[in-house]
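Working notes, structure below.
Start at 1 and go down the list; that is how both ligands and their atoms are numbered. In this chain, numbering begins with 1 at the start of the sequence shown. Since the model is a prediction, treat every value here as computed from it, not as a measurement.
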Amino acid sequence: MCLQYEQDEALCRRKNSYTQREREMEMMEDVVIVGAGIAGLATAVALKRVGVRALVLIRSEGLRATGSALTLFPNAWLALDALGVSHKLTPIYAPSSMGYVTNVSAGDVQQVLVRVANNGGDGHGIRTIHRKALLEALAEELPVDSIQFSSKLAVIGNEEQGGASIVVIHLEDGTTIKSKVLIGCDGVNSVVARWLGLAEPVHSGRSAVRGLAVFPQGHGFKQEVHRFVDVGKRAGFVPLNDRELYWFLTYNGDNMTGDPEHIQKQVLEKHAEKFPSSYLDVVRHADLSTLTWALLKFRQPWGIIFGKLSKGNVTVAGDAMHPMTPDLGQGGGASLEDAVVLGRHIGNSVINNGGLIVPGDMAKAIDDYVKERRWRPAFLVTGSYLAGWVQLGGDKWWMKFLRDGIFYQYLFGRISGLVHKDCGKLPAMSFGDMDHSSKKD
Ligand SMILES: Cc1cc2nc3c(=O)[nH]c(=O)nc-3n(C[C@H](O)[C@H](O)[C@H](O)COP(=O)(O)OP(=O)(O)OC[C@H]3O[C@@H](n4cnc5c(N)ncnc54)[C@H](O)[C@@H]3O)c2cc1C
């Protein structure tokens with residue numbers, strides 16, 4: 001309100017409209033998800049399927065798909081089945097039937113049996129897909145106004161309202177949003193994870209380059225995965241379709257700099273110069289606009305096992321909870337699993353409360369989600385780190401023995417057991433349950 005003795009009417013009007021604007025900018029939501037990567041969008045889809053509307057905040061102006069492509073294993077496809085999204089992707093991307101590992105210095109090629117069967121009921125096998133296609137398939141399941149762009153989370157607070165704890169979310173642009181539930185899907189440098197008190201992710205000492213290669217006339221490769229290992233390096237490529245391949249290089253070190261052209265040059269002339277011509281040819285066909293370089297970080301497994309993964313109605317999912325090195329290709333799959341498990345616990349709470357979000361019960365649902373999830377990502381982080389360590393290990397006799405004699409002969413197949421995990425289904429909602437958003441607490 002403007003005080004009466006203020007003479008300047010213009011100033012008075014400005015002040016009134018400012019308070020009005022401020023009031024409009026303070027919103028109240030049932031669930032806020034920070035981040036619109038795989039974890040954020042999948043969690044919003046899971047919640048929508050159990051009748052809960054979530055507002056997804058993302059700091060960028062549009063959906064970003066850094067990394068161009070990723071490989072999804074059966075666990076990821078089973079989660080996408082539960083989310084009702086897999087059918088949009090499986091007709092476009094074929095499963096890989098076979099894998100080959102070339103030991104660059106020894107020159108020998110091992111055929112790795114893709115033990116993951118590609119038959120029905122097994123999550124549609126192993127498929128490499130465009131990240132953008134996955135994000136779009138998830139995003140189009142959501143109401144248009146449920147994703148809010150240019151909304152960067154800055155500070156988290158909380159307050160009591162009617163005996164219930166409400167999360168107060170402050171955005172960088174000054175907007176304040178109050179919410180009954182906050183789910184941090186804000187990636188490896190998560191603000192929410194920091195607020196929960198989780199230990200910061202650590203550098204693995206490894207880096208990765210990835211991108212797409214485009215062959216306008218067709219690349220001529222079968223739908224098979226080609227991997228290459230050398231001292232301190234691991235690389236590979238796999239077709240996405242007849243014209244495009246996804247390729248990557250992981251190596252010990254953190255010394256890549258420069259623009260995409262320079263990165264491509266360093267891969268060709270420094271890191272992979274001794275690699276077979278098939279790999280070099282793929283890198284030469286790189287679409288430079290897709291080329292990225294990243295330092296690889298992970299959260300130490302004990303930080304996940306013993307860390308505070310939730311506080312009341314606030315929790316984390318995806319890389320915000322369990323950043324891992326990409327050596328098992330499980331970060332995205334684990335994010336999809338998180339979404340289904342969290343959706344199931346929140347959905348059951350909503351069903352049990354007649355379609356309402358009851359803060360006290362929601363805290364229990366979130367705690368149950370954390371209890372169910374905690375151990376598996378810790379195993380995946382450990383397995384991924386060890387898989388990378390063995391593969392990048394070098395050519396000392398004992399490392400070769402570990403890699404070729406033990407890892408590829410016995411462990412690789414067993415680790416593939418981890419990628420069969422079925423995270424379960426979402427609860428079926430009746431029409432009455434779905435109607436909760438119109439009801440008031
Ligand atoms: C080299 C490499 C290869 C990989 N290969 C595979 C693979 O083959 N298969 C696989 O399953 N996984 C793979 N992964 C892992 C996978 O990419 C990640 O686990 C997955 O993308 C995590 O998704 P996310 O949604 O948790 O995080 P992100 O994709 O990082 O999304 C985070 C989101 O939060 C937003 N955000 C961040 N901070 C804020 C803020 N303060 N306010 C608002 N928004 C914010 C970002 O804009 C973004 O939208 C790979 C990773 C790497 C590095």
- Query: Would one find an N or O of L296, backbone or side chain, under 3.5 Å from an N or O of ligand 1?
  - Reply: no
- Item | Top protein contact for atom 8 (O) of ligand 1, by heavy-atom distance | T71 N, 2.9 Å
- Query: Considering only heavy atoms, does A39 approach ligand 1 within less than 4.0 Å through its side chain, its backbone, both, or neither?
  - Reply: both
- Message: If the cut-off is 4.0 Å to any non-hydrogen atom of G187, which atoms of ligand 1 fall inside it?
- Response: 27 (O), 30 (O), 32 (C)
- Message: By the salt bridge (charged side-chain N to carboxylate O under 4.0 Å, His left out) test, which pairs, at least two apart or in different chains, include something from residues 273-294?
- Response: none
- Any N or O on P326 sitting closer than 3.5 Å to an N or O of ligand 1? no
- Within a distance under 4.0 Å of any heavy atom of V34, pick out the atoms of ligand 1 and give their elements. 42 (N), 43 (C), 44 (N)
- Message: Could you identify the single nearest non-hydrogen protein atom to atom 31 (O) of ligand 1 and state the distance to 0.1 Å?
- Response: G37 CA, 3.6 Å
- Note on the structure: Note: ligand 1 atoms sitting under 4.0 Å from heavy atoms of A36 are 33 (C), 49 (O)
- G35: numbered ligand 1 atoms lying under 4.0 Å from its heavy atoms: 33 (C), 34 (O), 35 (C)
- Quick check: does any side chain N or O of R206 sit under 3.5 Å from a backbone N or O of Y385, one acting as donor and the other as acceptor? yes
- E261 atom CD, neighbour heavy-atom count above 12 within 6.0 Å: no
- Task: Please say whether more than 12 non-hydrogen atoms of neighbouring residues, nucleotides or ligands are located less than 6.0 Å from CZ in F379.
- Result: no
- Query: Can you check whether L153 has an N/O within less than 3.5 Å of an N/O in ligand 1?
  - Reply: yes
- Decide, yes or no, whether a salt bridge links K297 with E200 under the criterion of side-chain N to carboxylate O below 4.0 Å. no
- Message: Going by the closest heavy atom to atom 14 (N) of ligand 1, which one wins out of R131, R64, M324?
- Response: R131
- Task: Could you tell me whether a side-chain N or O of R59 sits under 3.5 Å from a main-chain N or O of V34, the two making a donor and an acceptor?
- Result: no
- Task: Note the single closest protein heavy atom to atom 47 (O) of ligand 1, along with its residue, its atom name and the distance in Å.
- Result: R59 NE, 3.4 Å
- Can you check whether K233's main-chain N or O pairs, donor with acceptor, with D230's side chain at less than 3.5 Å? no
- Item | A208: numbered ligand 1 atoms lying under 4.0 Å from its heavy atoms | 1 (C)
- Note on the structure: By side-chain contact (heavy atoms from CB on, under 4.5 Å), E141 pairs with (sequence neighbours left out) V45, V85, K88
- Query: Of all the non-hydrogen atoms in the protein, which one sits nearest to atom 19 (O) of ligand 1, and at what distance?
  - Reply: D319 OD1, 2.7 Å
- Which one of M321, R210, H322, Q330 has a non-hydrogen atom at the shortest distance from atom 52 (C) of ligand 1? R210
- Query: C185 heavy atoms, cut-off 4.0 Å: which ligand 1 atoms fall inside?
  - Reply: 32 (C), 33 (C), 34 (O)
- Task: Using a strict cut-off of 4.0 Å, indicate which atoms of ligand 1 neighbour a heavy atom of G333.
- Result: 11 (O)
- Message: One pair to check against salt bridge (charged side-chain N to carboxylate O under 4.0 Å, His left out): R344 and D368. What are the steps and the verdict?
- Response: CA-CA 10 Å; R344 183 167 60 243; D368 289 345; over 6 Å; no
- Task: Tell me whether the guanidinium CZ or amine NZ of R234 lies under 6.0 angstrom from the six-membered ring centre of F248 and within 45° of its axis.
- Result: no
- Message: Salt bridge check, R53 against D145: does any charged N sit closer than 4.0 Å to a carboxylate O?
- Response: yes
- Nearest non-hydrogen protein atom, atom 37 (C) of ligand 1: D186 O, 3.3 Å
- Note on the structure: Interatomic distance, CG@L72 vs CD1@I38, rounded to 0.5 Å, equals 7.0 Å
- Item | Heavy-atom neighbours of K152 NZ exceed 12 at 6.0 Å | no
- Item | Taking atom 11 (O) of ligand 1 as the reference point, the nearest protein heavy atom with its distance | G332 N, 2.8 Å
- Which part of S151 is near ligand 1, with near meaning a heavy atom under 4.0 Å away: side chain, backbone, both or neither? backbone
- Query: Based purely on interatomic distance, does G318 place a nitrogen or oxygen under 3.5 Å from a nitrogen or oxygen of ligand 1?
  - Reply: no
- Message: Heavy atoms only: which of S335, A339, S384 lies closest to atom 23 (O) of ligand 1?
- Response: S335
- When you measure from the side chain of T43 to the backbone N and O of G343, does any donor-acceptor pair fall under 3.5 Å? no
- Go through ligand 1 atom by atom and flag the ones less than 4.0 Å from a non-hydrogen atom of K152. 41 (N), 42 (N), 43 (C)
- Do any heavy atoms of P323 fall under 4.0 Å from ligand 1? no
